[in-house]
Amino acid sequence: MINVAIDGPAGAGKSTIAKGAAAKLGYIYVDTGALYRTVALSAVRNGVLDDTDKIVEMLGDIKVKLGFDDDGTQCVYLNGEDVSSLIRTPEISMGASKVSAIPQVREFLLDLQRDIAKNNNVIMDGRDIATAVLPNAKPKIFLTATAECRAQRRYKELVEKGENVTYEDVLADVNQRDYQDSHREIAPLKPTDESIMADTTGMILEESVEMIINIIKENI
């Protein structure tokens with residue numbers, strides 16, 4: 001099976017770019033961030049987001065599952081409920097960064113991610129795919145862009161969804177998420193020695209997708 005790992009910071013466009021590349025290559029796209037967002041959503045609903053012990057305890061009562069439509073579009077389920085659209089808020093984004101720093105949460109989701117990769121040609125994106133989840137993936141891509149570029153993309157996306165946000169607040173969230181993800185003790189965000197760096201600053205989506213497809217084709 002072909003397993004492509006794409007890591008990178010918040011707002012780099014990993015999900016959109018990886019999804020576009022997977023569709024063109026006929027692979028399954030796996031957004032691992034959606035899994036952490038789903039755990040965060042459950043923690044928020046249960047009022048335990050700031051209590052690590054209670055989050056760990058909560059894991060015994062939830063079931064997180066990925067599903068795929070006929071066109072390969074990913075859906076994520078929390079105890080049977082499709083929460084794909086509910087996990088895309090700034091609050092849940094920050095919550096995902098918190099829960100992803102908990103070793104038991106990472107362990108809880110690890111087998112699910114590896115099972116999908118074991119049985120399918122996948123492009124899997126996240127923060128630690130190359131370093132922890134799929135260390136044998138090839139190629140390993142580290143996708144990034146400047147914080148300002150990433151914040152502008154995220155701001156535009158949120159405004160189009162009707163969210164009442166400011167660019168300054170989104171930029172602050174991006175910088176905070178970067179710090180949290182790169183400084184956590186467990187599986188911090190960083191490229192590996194084998195990672196191919198891909199900077200999408202200033203690129204439109206189609207250019208970014210084409211760049212990733214070319215990297216994959218040249219390195220599988």
Side-chain angles (χ1 to χ4, degrees), residues 4-23 29-37 40-41 44 49 74 84-101 123-132 139-216:
V4 179
I6 299 182
D7 292 304
K14 295 186 302 296
S15 298
T16 307
I17 294 168
K19 190 185 302 180
Y29 161 64
V30 183
D31 172 12
T32 63
L35 302 175
Y36 290 100
R37 286 171 178 267
L41 175 65
V44 168
L49 186 58
Q74 175 182 286
S84 304
S85 61
L86 300 178
I87 59 174
R88 298 297 172 183
T89 67
E91 178 189 20
I92 299 303
S93 179
M94 294 304 297
S97 188
K98 287 183 179 180
V99 302
S100 66
I123 298 179
M124 187 176 292
D125 80 57
R127 302 290 192 281
D128 66 340
I129 308 306
T131 55
K140 299 178 174 74
I141 300 169
F142 196 87
L143 187 70
T144 190
T146 64
E148 292 76 15
C149 177
R150 290 183 282 124
Q152 188 61 50
R153 291 171 181 169
R154 181 63 59 87
Y155 171 71
K156 182 173 181 287
E157 176 186 323
L158 292 171
V159 168
E160 288 174 351
K161 290 181 178 179
E163 298 278 348
N164 183 23
V165 295
T166 67
Y167 167 75
E168 290 74 18
D169 285 344
V170 175
L171 178 59
D173 283 347
V174 165
N175 284 324
Q176 183 180 352
R177 184 84 190 267
D178 284 354
Y179 183 85
Q180 288 179 348
D181 289 344
S182 61
H183 286 77
R184 66 187 179 213
E185 290 185 18
I186 306 297
L189 171 67
K190 62 179 181 180
T192 71
D193 292 339
E194 299 173 315
S195 295
I196 299 167
M197 304 301 291
D199 191 327
T200 65
T201 302
M203 288 187 178
I204 62 173
L205 175 60
E206 290 77 10
E207 292 172 333
S208 300
V209 169
E210 197 60 36
M211 175 174 66
I212 294 304
I213 289 175
N214 288 337
I215 291 174
I216 292 170

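Position 1 is the first residue of the sequence; numbering continues from there. The structure presented is a predicted model; accordingly, all values stated were derived computationally and were not measured.
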R154 vs D173, salt bridge (Lys or Arg N to Asp or Glu O under 4.0 Å): CA-CA, chis, key distance, verdict: CA-CA 10 Å; R154 181 63 59 87; D173 283 347; over 6 Å; no
For the student: nearest non-hydrogen atoms of S15 and D125, plus distance: CA-OD2, 3.4 Å
Set of side chain to side chain donor-acceptor pair (under 3.5 Å) partners for T166, sequence neighbours left out: D169
With E91 via salt bridge (Lys or Arg N to Asp or Glu O under 4.0 Å) - residues at least two apart: none
Where R150 and A145 come nearest, the two heavy atoms and their spacing: NE-O, 2.9 Å
Listed once per pair and sorted, the ring-ring contact (aromatic ring centres under 6.0 Å, His included) pairs that draw on residues 171-211, sequence neighbours left out: Y179-H183
Considering all heavy atoms, the nearest A12-I17 contact: O-CD1, 4.0 Å
Residue pairs passing the ring-ring contact (aromatic ring centres under 6.0 Å, His included) test where at least one lies in residues 184-213, sequence neighbours excluded: none
Ring pair (Phe, Tyr, Trp, His ring centres under 6.0 Å) involving Y167 - partner list, sequence neighbours excluded: none
Salt bridge (Lys or Arg N to Asp or Glu O under 4.0 Å) partners of E194, counting only residues at least two apart: K140
Test side-chain contact (heavy atoms from CB on, under 4.5 Å) applied to I216 and I123, step by step: CA-CA 10 Å; I216 292 170; I123 298 179; 3.8 Å; yes
Partner residues of K190 under the salt bridge (Lys or Arg N to Asp or Glu O under 4.0 Å) criterion, sequence neighbours left out: none
Non-hydrogen atoms of L189 and P9 that approach each other most closely: CD2-CA, 3.7 Å
Criterion side chain to side chain donor-acceptor pair (under 3.5 Å) on S100 and S97, from CA distance to verdict: CA-CA 5 Å; S100 66; S97 188; 4.8 Å; no
Partner set under side-chain contact (heavy atoms from CB on, under 4.5 Å) for V165, not counting sequence neighbours: Y155, L158, V159, E163, V170
Partner set under side chain to side chain donor-acceptor pair (under 3.5 Å) for K19, not counting sequence neighbours: none
Considering all heavy atoms, the nearest T192-A130 contact: CG2-CB, 3.8 Å
Distance-only polar pair, side chains of T200 and R153, donor-acceptor under 3.5 Å: yes
Side chain to side chain donor-acceptor pair (under 3.5 Å) against R127, all qualifying residues, sequence neighbours excluded: D181
Pair R88-E157, side-chain contact (heavy atoms from CB on, under 4.5 Å): steps then yes or no: CA-CA 10 Å; R88 298 297 172 183; E157 176 186 323; 5.5 Å; no
Side-chain donor/acceptor of R37 to backbone N/O of I87, under 3.5 Å: yes
Contact summary for I6 and I129, nearest pair of heavy atoms: O-CG1, 4.2 Å
Under the side chain to side chain donor-acceptor pair (under 3.5 Å) test, residues paired with N175 that sit two or more places apart: none
Under 3.5 Å: donor-acceptor pair, side chain of K14, backbone of G8: yes
Interatomic spacing from CE in M94 to CG in L49 - rounded to 0.5 Å: 10.0 Å
Euclidean distance, I215 CD1 relative to I196 CD1, rounded to 0.5 Å: 5.5 Å
Separation between OG1 of T16 and CG of D31, rounded to the nearest 0.5 Å: 9.5 Å
Those residues that, when tested against E160, pass salt bridge (Lys or Arg N to Asp or Glu O under 4.0 Å) (two or more places apart): K156
Test item: S195 side-chain N/O and I141 main-chain N/O as donor-acceptor pair under 3.5 Å: no
